[in-house]
2 protein chains.
Amino acid sequence: MNPEFHTYKNPSLAVDLVVFGYHRQSLSVLLLNRKDAPFIDGWTLPGGFLQMEETLQQVCNRIMRTKIGIDNLYLEQLYAFDAPQRDPRGRVISIAHYALINPERFEIVAGKMANDVKWFPLNQVPELGFDHTEIFHQALQRLKSKILSHPVGFELLDETFTMTELQALYECILDISIDRRNFRRKILDSAYILLTGSKREGLKNRHPDLYKFNKDLKENRFQLNISAQQ
Amino acid sequence: MNPEFHTYKNPSLAVDLVVFGYHRQSLSVLLLNRKDAPFIDGWTLPGGFLQMEETLQQVCNRIMRTKIGIDNLYLEQLYAFDAPQRDPRGRVISIAHYALINPERFEIVAGKMANDVKWFPLNQVPELGFDHTEIFHQALQRLKSKILSHPVGFELLDETFTMTELQALYECILDISIDRRNFRRKILDSAYILLTGSKREGLKNRHPDLYKFNKDLKENRFQLNISAQQ
DNA sequence: TTACTTTGTGTCATAATAACGCAAAGAAGA
DNA sequence: TCTTCTTTGCGTTATTATGACACAAAGTAA
């Protein structure tokens, strides 16, 4: 067996979570107010250490459950942050993830480690402890580019939703305004391809299920290919 | 101080490297033949454990230097692989990276941990140890999507290169064929925007520096927006 | 010189996108 | 109910991006 393996002393491994919530036409992030040092009373992203037998997904879910009281959400790995001084307590590598939820479906509660848990609208996010400001910005960036090619936004809406609601979400995340009619065409074209397998010929041509935008459609994730107009 | 921090026992942290090299119009990956268990005599990606005071970049460079004898390359973080059983020796999380080099510029040598180091053309890559086959495929996928929007390919070419050489590289990485004249237009349009800040009007309109494709142009990374034709 | 390959430049047809018109359906107030 | 205002659905048109392809000039090899 490889001797390198046993003598090895390694940095700690943690995850941090950027939880996005969409509520009343505005996008927010979930932040914790810390009870302990470092950054006592400062705002940070929820996070925690990886236990021996956990997967990254499992840690993320554990943190959400114990610290915030929600579970089972859309989750994507973002990036590993490794700056040597990022945590004043010692060397910690953090593998950041971002998550999307609909705040109305959950009652958030401050876990025992936090004074407070709060949703902050994106333009009112304070300076964060550790390197969490950078993590937050990168997560937002990733979400923006992701939503342009994949329909991740559905996690943030209700079970069923209208075209207008979907558009509002896109405009909010991308921070642009989109022509209502062009957006509609994009979605219908994409959904048509998903549902029938072929391209939509002529605008009137549509699939009976197309206007429901219900659970079925949400579970079949389709390529949106919305392009950012400016 | 947070008691959670001190009592914490964590998985090991490693990096694995997918090193792409482009040589004689064909793309290859660098693989090691293992001297030690597990997977004795099997092929794997080069990798290593993260030391206490290293950044991820530094580990990657150390591995390249000691195991293969090359250094200082284009490096990008790919993904953290966390399957509990991915390493038979114990729990190891690996943060995979991929790198691009021009093999002609380096003499690769097997370090003391390996029987052999070899370039494998992409279509001749054997089954790899650990979960490295999956890592390799994901790295290739990422490289493909990256090259469509960013000019990463320059790292794989010589100091100066022709439009034809650049196109060959793109065709090779993306595994498609591209019309020579359309490719040229794309590159010239993008480069024009980079050099002048405005859009090219009319095909003849070009910038005096445009034909050099030299160091200057390489350092100013520009958006290519090549789209994959079938 | 000739034949052949490579490179530079352009055109044209098609597809994707942005911008916008208009009418029907619903909501709100008198 | 009638009017006004807003929302929603469906379309057209102009512009831009893309894919396919023609041709000539420059270079290379005999």
Side-chain angles (χ1 to χ4, degrees), chain A residues 24-25 145 147-149 157-158 160-172 174-195 198-214 217 222-230, chain B residues 24-25 147-149 157-158 160-172 174-196 198-214 217 222-230:
Chain A
R24 299 206 196 162
Q25 316 247 354
S145 76
I147 204 177
L148 289 175
S149 56
L157 293 171
D158 291 325
T160 60
F161 49 89
T162 65
M163 192 73 83
T164 310
E165 286 167 351
L166 185 62
Q167 181 180 348
L169 173 65
Y170 268 76
E171 294 187 319
C172 179
L174 294 171
D175 197 25
I176 58 173
S177 68
I178 306 175
D179 183 275
R180 182 176 57 86
R181 294 145 291 191
N182 293 336
F183 181 81
R184 184 183 182 77
R185 178 162 38 99
K186 263 287 192 187
I187 300 289
L188 293 183
D189 283 352
S190 304
Y192 189 86
I193 290 173
L194 171 73
L195 292 168
S198 58
K199 220 181 62 179
R200 195 158 73 120
E201 305 285 351
L203 294 171
K204 278 179 192 158
N205 195 349
R206 73 176 94 99
H207 190 278
D209 289 345
L210 216 56
Y211 287 84
K212 290 199 293 183
F213 278 96
N214 58 7
L217 192 54
F222 57 91
Q223 285 273 123
L224 280 181
N225 294 322
I226 305 283
S227 71
Q229 310 167 21
Q230 169 37 311
Chain B
R24 299 207 197 162
Q25 317 247 353
I147 204 176
L148 288 175
S149 55
L157 293 171
D158 291 324
T160 59
F161 49 89
T162 66
M163 191 73 85
T164 309
E165 286 166 351
L166 185 62
Q167 179 180 349
L169 173 65
Y170 268 75
E171 294 187 319
C172 179
L174 295 171
D175 197 24
I176 58 174
S177 68
I178 306 173
D179 183 275
R180 181 176 59 85
R181 294 146 292 189
N182 294 336
F183 180 81
R184 185 184 182 75
R185 184 181 40 190
K186 264 287 194 189
I187 300 287
L188 292 184
D189 284 351
S190 304
Y192 189 85
I193 289 173
L194 170 73
L195 293 168
T196 70
S198 57
K199 222 184 61 182
R200 195 158 75 121
E201 305 286 350
L203 294 170
K204 279 179 190 158
N205 195 349
R206 72 177 94 100
H207 192 278
D209 290 344
L210 214 57
Y211 286 83
K212 291 201 290 180
F213 278 95
N214 56 8
L217 193 54
F222 57 92
Q223 284 274 124
L224 278 183
N225 295 319
I226 306 283
S227 72
Q229 307 166 24
Q230 172 47 354

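Letters go in sequence order (proteins before strands), and every chain restarts at 1. Values below: every heavy atom of this structure, side chains too, minus hydrogens, waters and symmetry copies.
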Please list, for nucleotides 21-27 of chain D, all pairs of protein and nucleotide N/O atoms separated by less than 3.5 Å.
from	atom 1	to	atom 2	distance (Å)
D:dC21	N4	B:Asp179	OD1	3.4
D:dC21	N4	B:Arg181	NE	3.1
D:dA22	N7	B:Arg181	NH1	2.8
D:dA22	N6	B:Arg181	NE	3.3
D:dA22	N6	B:Arg181	NH1	2.5

Check whether any side-chain nitrogen or oxygen of A:Arg184 sits under 4.0 Å from OP1 or OP2 of D:dT8, and answer yes or no.
no
Going by the rule side chain to side chain donor-acceptor pair (under 3.5 Å), which residues pair with A:Glu165 if we only count those two or more places apart in sequence or in a different chain?
none
Check step by step if side-chain contact (heavy atoms from CB on, under 4.5 Å) holds for B:Leu188 and B:Tyr192.
CA-CA 6 Å; B:Leu188 292 184; B:Tyr192 189 85; over 6 Å; no
Can you tell me how far the CD1 atom of B:Ile147 sits from the CG atom of B:Leu174, to the nearest 0.5 Å?
5.5 Å
What's the closest nucleotide to the side chain of B:Lys186 if the choices are D:dT8, C:dG8, D:dT18?
D:dT18
Between P of C:dG21 and CZ of A:Arg185, the distance in whole Å
16 Å
Could you tell me how far apart A:Tyr192 (OH) and D:dC10 (P) are, to the nearest whole angstrom?
14 Å
Atom CG of A:Leu188 and atom P of D:dT8 are separated, to the nearest Å, by 14 Å
I need the B:Arg181 CZ to B:Met163 CE distance, nearest 0.5 Å.
14.0 Å
Verify the contact: side-chain N or O of B:Thr164 to OP1 or OP2 of C:dT6, cut-off strictly under 4.0 Å; return yes or no.
no
Gap between atoms CD1 and C1', on A:Ile193 and C:dA16 respectively (whole Å)
12 Å
With sequence neighbours excluded, what pairs up with B:Thr164 under the side-chain contact (heavy atoms from CB on, under 4.5 Å) test?
B:Thr162
In whole angstrom, what separates A:Phe183's CZ from C:dC20's C1'?
18 Å
Rounded to whole angstroms, how far apart are CD1 on B:Ile187 and C1' on C:dT7?
16 Å
How many whole angstroms separate atom CD1 of B:Ile176 from atom P of D:dA20?
11 Å
Figure out the CD1/P separation between B:Ile178 and D:dG19, and round it to whole Å.
9 Å
Derivation and outcome, side-chain contact (heavy atoms from CB on, under 4.5 Å), residues A:Phe161 and A:Leu169
CA-CA 11 Å; A:Phe161 49 89; A:Leu169 173 65; over 6 Å; no
Rounded distance [0.5 Å steps], OG in B:Ser190 versus CZ in B:Arg185
11.0 Å
